[in-house]
Amino acid sequence: MISELMINAFLVSIMLAIGIALLKSRSVIYTVLLTSAYSLVAALMFITLDAVDVAFTEASVGAGISTVLFLAAMAFLPKKEEQTVNNQAFPAVICLVLGGVLIWCSYDLPEIGLATSPIHQHIVPEYILGSRDDIGIPNIVTSVLASYRGYDTFGETIVVFTAGIAVLAILKNNKKTLNKIKSQKKVVKNG
Amino acid sequence: MISSTLGVWNYWIVFFLMMIGLFLVIGRKNLLKKIVGLTIFQTSVFLLYITFGKIQGGTPPILNNINETVYSNPLPHVLILTAIVVGVATTALGLSLVLRINSEYGSIEEEDISAQDLIDYHDLIETSKKISVKFKK
Amino acid sequence: MFLAALTACAVSALLVLARIILGKTTFDRVLAVNSLGTIIVIGIALHGFYANRPEFLDIAIVYALINFIGTVAILKLFSTGSLKGNNK
Amino acid sequence: MDLFIDLLTGLCFFLGSLCIIIGACGLIKLPDVFSRIHAAGMIDTGGTAFFILGMIIQSGWSLITVKLLLIGIFIFFTSPVTSHVTANLAREKGIVPVGKKIGKLL
């Protein structure tokens, strides 16, 4: 009972430590490393919170594909952050105030793992029974994802498709249009 | 005492992580760091949702043949499963935008980019002044 | 018994995390992140047994692979400056 | 019989915990990359081997055993590759091992 809570608290504290290290890091490759470690610990956290499918997705997508994407982008980018002496007090104050308000509100949230909290009352028992009797898939997450909430998943695929097309359109090597724009600029400058 | 503190400890740390992500987004000038901050923010929101779905003494929501099993809430898991995939699509889009900005401006520091924009803007104003002077003549 | 083993994992994870944060060179950090991944793989397997549902070891398999891919990709970027080809 | 299995598992877990804690302490304590690779290897080989052995003893003969064996095989193949790549790259990038007399070895 209490050991589950202890495991959760420990893991989440490790994630906080990694986050603080992220705040202090300067070189970009160190940041990417820390993000990878952060995703790893987050997925273990998902397992201890009983979200097995989410942990699977986070492990393969969050820790794997994200890291490789960051690295592939970093190959074309400058490797070090410039030491800027700008004033960071204003963003810090905003974040602290917002965090304080959120923590103040957290006293009204239900305690972790209470079976009587409102989220567990409404529609979930029907889904669990329906998944056993009507659909017949043992994994409830799959049956909700593909059957009860099928249109959401359809919309998700549309979003991913749009993002893929947008990435291709942005990264397309369109030197012709660039040269056209530059020549137009020159025409304007020369009068 | 310990139990009640542990009962809200997850929420506190999740809010701290959110604020770290927000600070990385609005406080840093490097565009890559901003995207890392977005990732942190996303993951903390996922953690908040999954924390709501946990039931003490429950098992993962995969049916077994024992009758009296308590399953954790599967609905947040479904939502977050969608959100993770969309989040990676967003990250890819942001990274491609950063790459494009780097090839156009030669830098990913916010101050450099805005300075170059300012110079271009002044150039544009001066040339338009010249053109208008020509038209008046 | 499983709880004791999980505690040992937790202690070593803390020590490895200290090395990630303190580490002097990038190689120290890469090595420590790899070790943290291994410890987490062990932790997932142990937690499956601890919660009496050890069917979820697939995640640990995925982890073992993803960890390796991430580490090698970081080292490759660090050595050649890009992810494609082996030109130096 | 159950007691015997539990005792064996406990022994394996004890040895595994010892291995990973010694490895983690080594990662903190040892002076440079080349010596820290030994400590990381301790975690990767000794720790995983003993823990997986203990869990195999506990689970009996089923699909879980196959999955555990797969994890063990993956880690046993990937760990030396990572160590080798790290050490090779560190040498190429010019990190000098502690205690090496310059010009003697390598």
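Residue numbering restarts at 1 for every chain, and letters A, B, ... go by the order of the sequence lines.
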Problem set entry | Candidate pair C:Asn34 and D:Asp44, rule side-chain contact (heavy atoms from CB on, under 4.5 Å), full reasoning | CA-CA 9 Å; C:Asn34 194 27; D:Asp44 281 345; 4.2 Å; yes

Seminar exercise, completed: Most contact-rich option vs chain D, by heavy-atom pairs under 4.5 angstrom, among C:Val16, C:Leu75, C:Val11, is C:Leu75

Exercise. Distance only, no hydrogens: is a donor on one side chain within 3.5 Å (strictly under) of an acceptor on the other, for D:Ser35 and D:Asp32?
Worked result: yes

Exercise. Is any residue of residues 36-43 of chain C within less than 4.5 Å of chain D by heavy atoms, and which ones?
Worked result: C:Thr38, C:Ile39, C:Val41, C:Ile42

Seminar exercise, completed: Comparing D:Ile28, D:Ile22, D:Ile21, D:Val81 against chain C, the one with the most heavy-atom pairs below 4.5 Å turns out to be D:Ile28

For this session: Please step through side-chain contact (heavy atoms from CB on, under 4.5 Å) for the pair D:Phe13 and D:Met55, ending with a clear verdict.
Result: CA-CA 9 Å; D:Phe13 280 2; D:Met55 283 185 272; 3.9 Å; yes

Exercise. Considering only heavy atoms, which portion of D:Leu70 lies under 4.5 Å from any heavy atom of chain C: side chain, backbone, both, or neither?
Worked result: side chain

Problem set entry | Note: C:Asp28-C:Arg19 ion pair, threshold 4.0 Å (strictly below) | no

Seminar exercise, completed: Honestly, the part of C:Phe49 sitting under 4.5 Å from a heavy atom of chain D is side chain

For this session: Would you check if the distance from the ring center of C:Phe68 to the ring center of D:Phe77 is below 6.0 Å?
Result: no

Problem set entry | Exam field: side chain D:Thr65 to backbone D:Ser62, donor-acceptor pair closer than 3.5 Å | yes

For this session: Starting at OG of D:Ser59, measure out to CG of C:Leu57 and round the result to the nearest 0.5 Å.
Result: 8.5 Å

For this session: Grab the two heavy atoms, one from D:Asp6 and one from C:Met1, that are nearest each other, plus how far apart they are.
Result: O-SD, 3.8 Å

Problem set entry | Side-chain donor/acceptor of D:Lys93 to backbone N/O of C:Phe78, under 3.5 Å | yes

Exercise. For D:Ile52, is it the side chain, the backbone, both, or neither that has a heavy atom closer than 4.5 Å to a heavy atom of chain C?
Worked result: neither

Problem set entry | Aromatic ring proximity, centroids under 6.0 angstrom, D:Phe50 and D:Phe14 | no

For this session: With a 4.5 angstrom heavy-atom cut-off, could you sort out which part of D:Thr9 is near chain C: side chain, backbone, both or neither?
Result: both

Seminar exercise, completed: Of C:Thr7, C:Leu22, C:Thr25, C:Leu46, the largest count of non-hydrogen pairs under 4.5 angstrom with chain D goes to C:Leu46

Problem set entry | Which portion of C:Tyr63 sits near chain D, non-hydrogen atoms under 4.5 angstrom | neither

Exercise. Between C:Leu14, C:Leu65, C:Thr71, which residue shows the highest count of heavy-atom pairs closer than 4.5 Å to chain D?
Worked result: C:Leu65

